[in-house]
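All figures in this text were calculated on a predicted structure; none of them were measured in a lab.
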Amino acid sequence: MVLVMDLTAAIATHLATWDEPVVEPVIFGDPAPSTIATAFETLVATQLRTTVVDAVFYQSSVGAVAGVVLADGRRVVVKAHAPHVKVARLAAMQDTMRALARTGFPCPTPVGDVAPIGRGAHATIETLIDAGEVRDGYDPVVRRELARRLAELVAVADVTPAREALGASWFSGLPDGVIWPRPHSALFDFAATTAGAAWIDAFGARARAVPRHGRRVIGHFDWRAEHVRFAGDQIVVAYDWDSLHVDLEPVVVGAAAHAFTANWEREDAAAAPSVDDMRAFVADYEAARGAPFDRAERRTLAGALVFTTAYTARCVHANWPNSKPRARAFVELLGAHGDELLAEWPGCEGLS
């Protein structure tokens, strides 16, 4: 990556791509680039006893993230999380990452502790690893490696002592009668965009009603092509670890299958997989796992797959007409295949 020599300038450049900042006011109050840069620099000075000398990148979506170079030569990523994210959850996330890294799993290593930042928010720091390249999620080689590494993650992360603090996913962690979780980003306002969304809501409710079976595991709930880098045909680093949750294994796999192809930075391809892509991902995961899911688990998987597809479609609807065509593919996928996936997922025939 090309270094941007000033963090304030990097933040300003990113914010210029938005009509107005959405995430930054929630986290920092004042969305001025200099205010945000000062918050990051103060955190680094307090936690790591050094200073920021260069900026590698700045992005914001769910949280606000800066990649920086420090005066002592280290390169780290600082992420300011939304104020509603609990400290215990972030600490459990860091414990899980450390445990994974010790096994050789390709994830960054946390640096320092969870610390306050902004207006009631908290931040984490991890090593910056940008080796390798982003690959095409529609490539079968990439698909198999994504499935294999997800199965490995599920297998080795299960020993994390504080795993319950990670909380259930937004699929399983909702009370009865509630269809949707809090949207993952301030970009999406479900309450203000109900017009025309009833059919998506109906799919979400039907998927939530599917009986759930399977063992509880730690899983990554944004496991997709954009969040990993490859060297050759192997993943060398994976990102977005604040997407860790404890849930049923079929829920983890169904959520991953719905969007493992997605790369929101690409303009030349739809983000959504085809139904055949989804089925192939599940088959690859089962092969890596060493055993197929049973019929009840596959029904659970189908419910999670349709729910997460419906949730993504609901986000697209909430952002209409600003949603890009590659994102609208999820709306089309749900409309064309939602009933099929709920009723006819292989191995689920006859299950109610």
Side-chain angles (χ1 to χ4, degrees), residues 1-48 50-83 85 90 93-94 97 107-112 114-134 184-188 222 224 226-229 237-243 263-267 319 322 324:
M1 292 183 179
V2 176
L3 295 184
V4 178
M5 299 304 291
D6 180 78
L7 180 55
T8 299
I11 295 169
T13 298
H14 172 77
L15 293 182
T17 65
W18 298 93
D19 292 334
E20 60 180 275
V22 177
V23 175
E24 287 77 7
V26 175
I27 295 175
F28 301 102
D30 179 5
S34 59
T35 299
I36 299 167
T38 298
F40 280 123
E41 291 164 350
T42 300
L43 179 79
V44 166
T46 302
Q47 283 282 297
L48 306 184
T50 187
T51 58
V52 173
V53 296
D54 286 322
V56 181
F57 68 85
Y58 175 82
Q59 296 177 344
S60 60
S61 176
V62 178
V65 189
V68 297
V69 180
L70 307 179
D72 59 15
R74 285 181 291 176
R75 301 165 81 241
V76 299
V77 174
V78 185
K79 183 165 188 176
H81 302 263
V85 181
L90 294 175
M93 174 194 77
Q94 289 190 313
M97 292 173 67
C107 71
T109 301
V111 181
V114 180
I117 194 171
R119 191 176 61 178
H122 288 83
T124 53
I125 307 174
E126 62 193 47
T127 55
L128 194 165
I129 306 173
D130 54 9
E133 62 178 351
V134 177
H184 65 281
S185 172
L187 293 169
F188 309 113
D222 204 4
R224 53 188 171 90
E226 185 178 2
H227 286 158
V228 300
R229 286 177 176 267
V237 64
Y239 305 123
D240 198 38
W241 291 96
D242 49 342
S243 295
N263 181 346
W264 299 113
E265 296 300 315
R266 287 186 61 175
E267 300 285 350
N319 199 36
N322 296 321
K324 296 182 179 180

Stepwise side-chain contact (heavy atoms from CB on, under 4.5 Å) test for His122 and Val85: CA-CA 8 Å; His122 288 83; Val85 181; over 6 Å; no
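- A 4.5 Å side-chain heavy-atom check between Val77 and Pro108 finds every atom pair outside the cut-off.
- A heavy-atom distance below 4.5 Å is not found between the side chains of Pro33 and Tyr58.
- For Thr17 (side chain) and His14 (main-chain N/O), a donor-acceptor pair under 3.5 Å exists by modelled atom type.
- Arg119 and Asp30 are not joined by a salt bridge, as no carboxylate oxygen comes within less than 4.0 angstrom of a charged side-chain nitrogen.
- With hydrogens and angles ignored, the 3.5 Å screen pairs no side-chain donor or acceptor of Asp240 with any backbone N or O of Ser243.
- Aromatic pair His227/Tyr239: centroids not less than 6.0 angstrom apart.
- Pairing each heavy atom of Trp241 with each of Met97, the nearest pair is CB-SD, 3.5 Å.
- You'll find the side chain of Arg74 reaches within 4.5 Å of the side chain of Val111, heavy atoms only.
- A donor-acceptor pair under 3.5 Å is absent between the side-chain atoms of Thr35 and the main chain of Pro31, judged by distance alone.
- Contact check for Ile27 versus Pro83: side-chain heavy atoms found under the 4.5 Å cut-off.
- For the side chain to side chain donor-acceptor pair (under 3.5 Å) with Thr124, the qualifying choice from Lys79, Gln47, His81 is His81, the only one to do so.
- Going from atom CG of Asp72 over to atom CG of Leu48 covers 7.5 Å, rounded to the nearest 0.5 Å.
- Between atom CD1 of residue Ile125 and atom OG1 of residue Thr109 there is a gap of 13.5 Å, rounded to the nearest 0.5 Å.
- The aromatic rings of Phe188 and His184 lie tilted to each other, with the angle between the two planes from 30° to 60°.
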Please report the C-alpha distance between Leu7 and Phe40 in whole Å, then the side-chain angles of each, then the deciding distance to 0.1 Å, and finally whether the side-chain contact (heavy atoms from CB on, under 4.5 Å) criterion is met. CA-CA 9 Å; Leu7 180 55; Phe40 280 123; 4.0 Å; yes
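- Rounding to the nearest 0.5 angstrom, the gap separating the CG atom in Asp130 from the CG atom in Leu128 is 5.5 Å.
- Of all non-hydrogen atoms in Pro116 and Leu43, the two that sit nearest each other are O-CD1, 3.8 Å.
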Would you sort out whether Leu70 and Val52 count as a side-chain contact (heavy atoms from CB on, under 4.5 Å), showing the intermediate values? CA-CA 5 Å; Leu70 307 179; Val52 173; 4.2 Å; yes
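- Across all non-hydrogen atoms, the minimal contact from Ala80 to Phe28 is CB-CZ, 3.9 Å.
- Using modelled atom types and a 3.5 Å distance limit, the side chains of Glu41 and Thr51 yield no donor-acceptor pair.
- Contact annotation: the side chain of Val114 approaches that of Gln94 to within less than 4.5 Å [non-hydrogen atoms, C-beta and beyond].
- Ile11 has its side chain out of reach of Thr13: every pair of non-hydrogen atoms, C-beta onward, lies at least 4.5 Å apart.
- Within the 4.5 Å cutoff, the side chain of Val69 has heavy atoms near those of the Val56 side chain.
- Two residues are said to be in side-chain contact when any heavy atoms from C-beta on lie closer than 4.5 Å; Leu15 and Glu24 meet this criterion.
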